[in-house]
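What you see is a predicted model; the values in this text were computed from it and never measured. Labels below follow one simple rule: chain letters A, B, ... track the order of the sequence lines, proteins then strands, and each chain is numbered from 1.
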Number of protein chains: 2
Amino acid sequence: MTVGMRHDDLRRRNRAMVIAATRRGGQASRTEIAAITGLSHSTISAISSDLIAEGILTETRQEAPALKRGRPQIGLALDPQAACAVTLMLSLNSLSAVSLDYAGNLLEEEHRRLDTRALPRGELICECMDILRRRLEHPAHAGRHVLRIVLAVQGITDAEARSMLWSPITPHTDIPFADLLEARFSIPVTVENDCNMMAEALRWRDPERYRDDFIAILLSHGIGMGLVLKGSMFTGTHSSGVEFGHMVHRPDGALCRCGRRGCIEAYAGSYAIWRNAAGHDENEEPRGDIEETEMQALAQAARDHDGPERRAFRIAGEALGFGLGSLFALIDPAPVAMVGLNAAAFDLIGPALHEAIARTAGGHHSGSITFDTQPDQVALLREGCAMRALTFIDHRIFAAGRAAQDEPASLHSSLIA
Amino acid sequence: MTVGMRHDDLRRRNRAMVIAATRRGGQASRTEIAAITGLSHSTISAISSDLIAEGILTETRQEAPALKRGRPQIGLALDPQAACAVTLMLSLNSLSAVSLDYAGNLLEEEHRRLDTRALPRGELICECMDILRRRLEHPAHAGRHVLRIVLAVQGITDAEARSMLWSPITPHTDIPFADLLEARFSIPVTVENDCNMMAEALRWRDPERYRDDFIAILLSHGIGMGLVLKGSMFTGTHSSGVEFGHMVHRPDGALCRCGRRGCIEAYAGSYAIWRNAAGHDENEEPRGDIEETEMQALAQAARDHDGPERRAFRIAGEALGFGLGSLFALIDPAPVAMVGLNAAAFDLIGPALHEAIARTAGGHHSGSITFDTQPDQVALLREGCAMRALTFIDHRIFAAGRAAQDEPASLHSSLIA
DNA sequence: CACACTTTTTTCGAGGCTCGAAAAAAGTCT
DNA sequence: AGACTTTTTTCGAGCCTCGAAAAAAGTGTG
């Protein structure tokens, strides 16, 4: 904010812009990049020849036989050899890791099943260390430098994306994964919230629909949210924030997994739907885990006949609707993507949800609220993590030029505005 | 985001930074500005001599007899003669206007009482036009150019700050004040939400406490909010947003002024407190206006003895507490300033508010939540509008240099990032 | 097959901006 | 009066972007 801009900042920004245009556009020519960025052809030419010389970009000859007259455009693409990234995804009873090249191609991967809730703190950390070490030692990297690691966790992280503060998958709290992994491997690490990564993925999948303002809601055992506002990921002042599932739906209402009462999740999470469908008291302790098939059976029962199952999904829809209504009172409506297991039951949840929104301040503009379901949560998470890792390399490492790469001080350097 | 940075953008940014440092610091020397901005002495020297030549800054000799050795610092200050700004404030039954010089000194002002709820649309607009015309013709301006007009309204504005979309003070909606006033006076205008201006003022009053993240809550006939997150004013995707008062406290609960049910305002606005204190049904139509003295009497009664008045304030506190709890679930805690008439009754509201927050996700970090009361809402609004208008001139007009001032196209030009 | 035409990309000199170093300025201290 | 200290200005160097012109690499046509 109050920091002045020097000459090399300008170059850094413009380099970043060329890299970003290449990652977005895929095969963009220099002329196209000049048009997108508004910079002159000479500038783009200079920057891209630098980037090619540094091994960050490569020229690609388009297959399409240029049907136009004139000198054919030369496509620019990210050089897959330029770097690698590794993403780790830690969720309930599951840890997986993926290696990617700089162009985003999968190099290799590994999944492990582990009992995250029972694992001691040290062993949980060790599992992450080990799976990461196996990636770094894997021959598929073929000497390329891993320049970035992203760890996505189901749970709350701190605003600096360095620690996992709290998670439903383990009793342990405040695990400084970024510090631990950086100390061991000397590669920059961030710890991200899984829902934020899903939102990130939506942006890359469908930039038309999910661009400046949108909402991703994870409907699963718990309720999560990733929120993009004015083009950037929304986070809390101290944590990854946006604990939509723990907004209050009914003061002093149903018992939530978090121990408090009346949270949206206590009506709309899998455990809450199950609890209501089974006719249990809403003050009953939530079940720890529910099989995917069990939820699908509930949904099928709800579709087949009117009864407690149908009512349970309706209650979930109502809670989500009132919650969204309150959210929309704050941020106005935006496109919503429903992600995760229970998004497949949106036919059961949707009607009550719409009805509830209509009774809130959000109902004002119920026309401009659109819903979309993306049941494949895992694929979305993987994509989001991958793009997060790669764009970090784009912005913070390659945009700075070769010099900055050598100084280890740049490990935590701040992002270009 | 995708737009490249050219050479003059750099100068513009650095000019803006020097002006901002001067407005903040008051009497800052060139050396101090260099230290703040991180730019070299030579650059600051060049920029400030430009700004002085353009009549934007002036050198001020400090009164303090420099107790240090060495060449004394020369203070830089904004030249009051450089420009003028006019602010209009439209609220229930009241319209006021203020003229300011570029340094923020009051030149002259006017207040009018009018029956905003009964006024036809045309006349309401006319009143604003007229009070503004009288300012522009007033001799106090002494030939200085009015470069900016800010109109703050009690109500919702659009995200571009050009129209008043809805307001409790008039039945008329979607009044494009900015277009109307610009067409008539050819001076750039924005229409702002009053609570946002109060938040803006807090920032200037106490930058230590209210800097990057904080909340201003207006406790008055209705409930309003101004929210600053990560250093910038938070607005909705389509409107000025942050309709905190219309988040849902109890689904299908008490009747709100907005016609819906269960809004926070329907428990915590003056009319709701009055309704509860008087023992009326919560579905009863809200009273239109309540005298300040009447609310003070209620508060006094609540302090004197336990009874329906005390209970009414407690209910208000509970609604605000659950609402804040939900808000904190999204954005994490931040310092809160309670503004307006009922902030003076915070002794009655506070206990129930804290208790409610403790029962929500916000209760997690109840240690880091601090409250502060600022009963003088009018003064805060005036300050906020003034600073909004002046900083617009700083950034969008003077930072661009003399050339840009002449092109009328710059009227709506976008803000420097 | 040579030559005109079109479009993309590179080259080159000009102009702006910031920087560091040195000089100038404007005081205090002895 | 002269030494000393600190602030501010001056000046040349080094980048960066820009526009114009040149070069490159195709297609279309006789």
- Would you mind reading off the distance between Q73(B) atom CD and dT5(D) atom P, rounded to a whole angstrom? 17 Å
- Under the criterion side-chain contact (heavy atoms from CB on, under 4.5 Å), which of R148(B), R15(B), R23(B) is the partner of D394(B)? R23(B)
- Query: N14(B) side chain to M5(A) main-chain N or O, any donor-acceptor pair under 3.5 Å?
  - Reply: yes
- Give the ring-plane orientation class for H7(A) versus H7(B), where under 30° counts as parallel, over 60° as perpendicular and anything between as tilted. tilted
- Do the side-chain N or O atoms of R30(A) get closer than 4.0 angstrom to the phosphate oxygens (OP1, OP2) of dT10(C)? yes
- Test applied, side-chain contact (heavy atoms from CB on, under 4.5 Å); reference residue, I52(A); option that passes from T58(A), D79(A), L76(A): L76(A)
- Could you walk me through whether S40(A) and R6(B) pass side-chain hydrogen bond (donor to acceptor under 3.5 Å, both in side chains), step by step? CA-CA 9 Å; S40(A) 72; R6(B) 285 190 302 282; over 6 Å; no
- Quickly work out the D50(B) CG to dT18(C) C1' distance and round it to whole Å. 13 Å
- Query: How sharply is the helix from dC1(C)-dG30(D) to dT30(C)-dA1(D) bent, taking the axes over five pairs at either end and rounding to 10 degrees?
  - Reply: 20°
- Message: What contact category does T31(A) fall into here, base, sugar-phosphate, or nothing, at under 4.0 angstrom with non-hydrogen atoms?
- Response: sugar-phosphate
- Task: Would you kindly give the CG-to-P distance between D9(A) and dC17(C), to the nearest whole Å?
- Result: 16 Å
- Item | Polar contact flag, side-chain donor to acceptor under 3.5 angstrom, T31(B)-Q73(B) | no
- Could you tell me which non-hydrogen atom of T237(A) sits nearest to which non-hydrogen atom of A159(A), and how far apart they are? O-CB, 3.9 Å
- What does nucleotides 14-21 of chain D look like as a protein-contact string, B for base, S for sugar-phosphate only, - for none, at under 4.0 angstrom between heavy atoms? BBBSBBB-
- Item | Evaluation steps, salt bridge (charged side-chain N to carboxylate O under 4.0 Å, His left out), between E59(B) and R30(B) | CA-CA 10 Å; E59(B) 298 192 333; R30(B) 292 168 176 79; 2.6 Å; yes
- Query: In whole angstroms, how far is the P atom of dA22(D) from the CZ atom of R71(A)?
  - Reply: 17 Å
- Message: Using a distance-only criterion (donor-acceptor N/O pair, under 3.5 Å, no hydrogens), is the base of dT6(C) paired with the side chain of R69(A)?
- Response: no
